[in-house]
Amino acid sequence: MTYYNQQVLRIREQYYPKPYIIDRLIQARKLMDQHSGSSICIDSMSDKVSLSKFHFIRLFKRCYGRTPHQYLIERRISEAKILLSKNMSVMDTCFQIGFESPTSFSLLFKRYTGLTPSDYRQKSNFR
């Protein structure tokens, strides 16, 4: 094996997780997609995929470009957009997608979309 091949393998091992770990991360993402409306904690998610909490967060971010928490928030916001465009109330949408507080939902929704949930609902109904 040449020096170049050795260096490529070393870099690959350093920056890319092993295939069985990638499978675990895919499994975790599928669980988040299926249960995004319920309360999900990172500790239980990391336990389900047999990784330590901090290692799980680090690997998830390396593979998907965002932390598990950021991914879950983005997923919930996209679900909220769909529900609000179907004219569901802001309060019902908040609880259905897994937020416990309408205030925190409204703040996060505005941060991600630039509009409050009620403004988004009104604009989507006029289209």
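Along the sequence shown, residues are numbered consecutively beginning with 1.
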So, taking the atom named [atom1] in [X] and the one named [atom2] in [Y], what distance separates them when rounded to the nearest 0.5 Å?
X    : Y    : atom1 : atom2 : value
T113 : L108 : OG1   : CG    : 10.0 Å
S124 : N87  : OG    : CG    : 7.5 Å
R66  : I73  : CZ    : CD1   : 12.5 Å
K86  : L83  : NZ    : CG    : 6.5 Å
S106 : M91  : OG    : CE    : 8.5 Å
L25  : K61  : CG    : NZ    : 14.5 Å

Counting C-beta onward and ignoring hydrogens, is there a side-chain heavy-atom pair between [X] and [Y] closer than 4.5 Å?
X    : Y   : value
M32  : F60 : yes
I42  : F54 : no
R29  : D33 : yes
I77  : E74 : no
P68  : I57 : yes
F109 : V90 : no

_Walk me through whether Q96 and T93 qualify under side-chain contact (heavy atoms from CB on, under 4.5 Å)._
CA-CA 5 Å; Q96 185 160 342; T93 301; 5.8 Å; no

*List the steps, then state whether side-chain contact (heavy atoms from CB on, under 4.5 Å) holds for I97 with S36.*
CA-CA 7 Å; I97 62 171; S36 63; over 6 Å; no

Are [Y] and [X] connected into the same hydrophobic cluster when the rule is that any two of I, L, V, M, F, W, Y join if their side-chain heavy atoms are below 4.5 Å apart?
X   : Y    : answer
I26 : I40  : yes
I22 : F56  : yes
F95 : F105 : no

*Kindly check if the number of other-residue, nucleotide or ligand heavy atoms within 6.0 Å of CD (Q34) is above 12?*
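Correct, the count exceeds 12.
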
*Short side-chain to backbone donor-acceptor contact, R76 and F99, under 3.5 Å*: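 It does not hold such a pair.
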
*asked:* For a quick test of reading the model, state the closest non-hydrogen atom pair linking Q70 to T67 and the distance between them.
replied: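 Of all heavy-atom pairs spanning Q70 and T67, the closest is OE1-N, 2.9 Å.
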
*For residues 36-47, pull every pair meeting salt bridge (charged side-chain N to carboxylate O under 4.0 Å, His left out), keeping only residues two or more places apart or in separate chains.*
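Pairs touching residues 36-47 that pass the test: D43-K53.
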
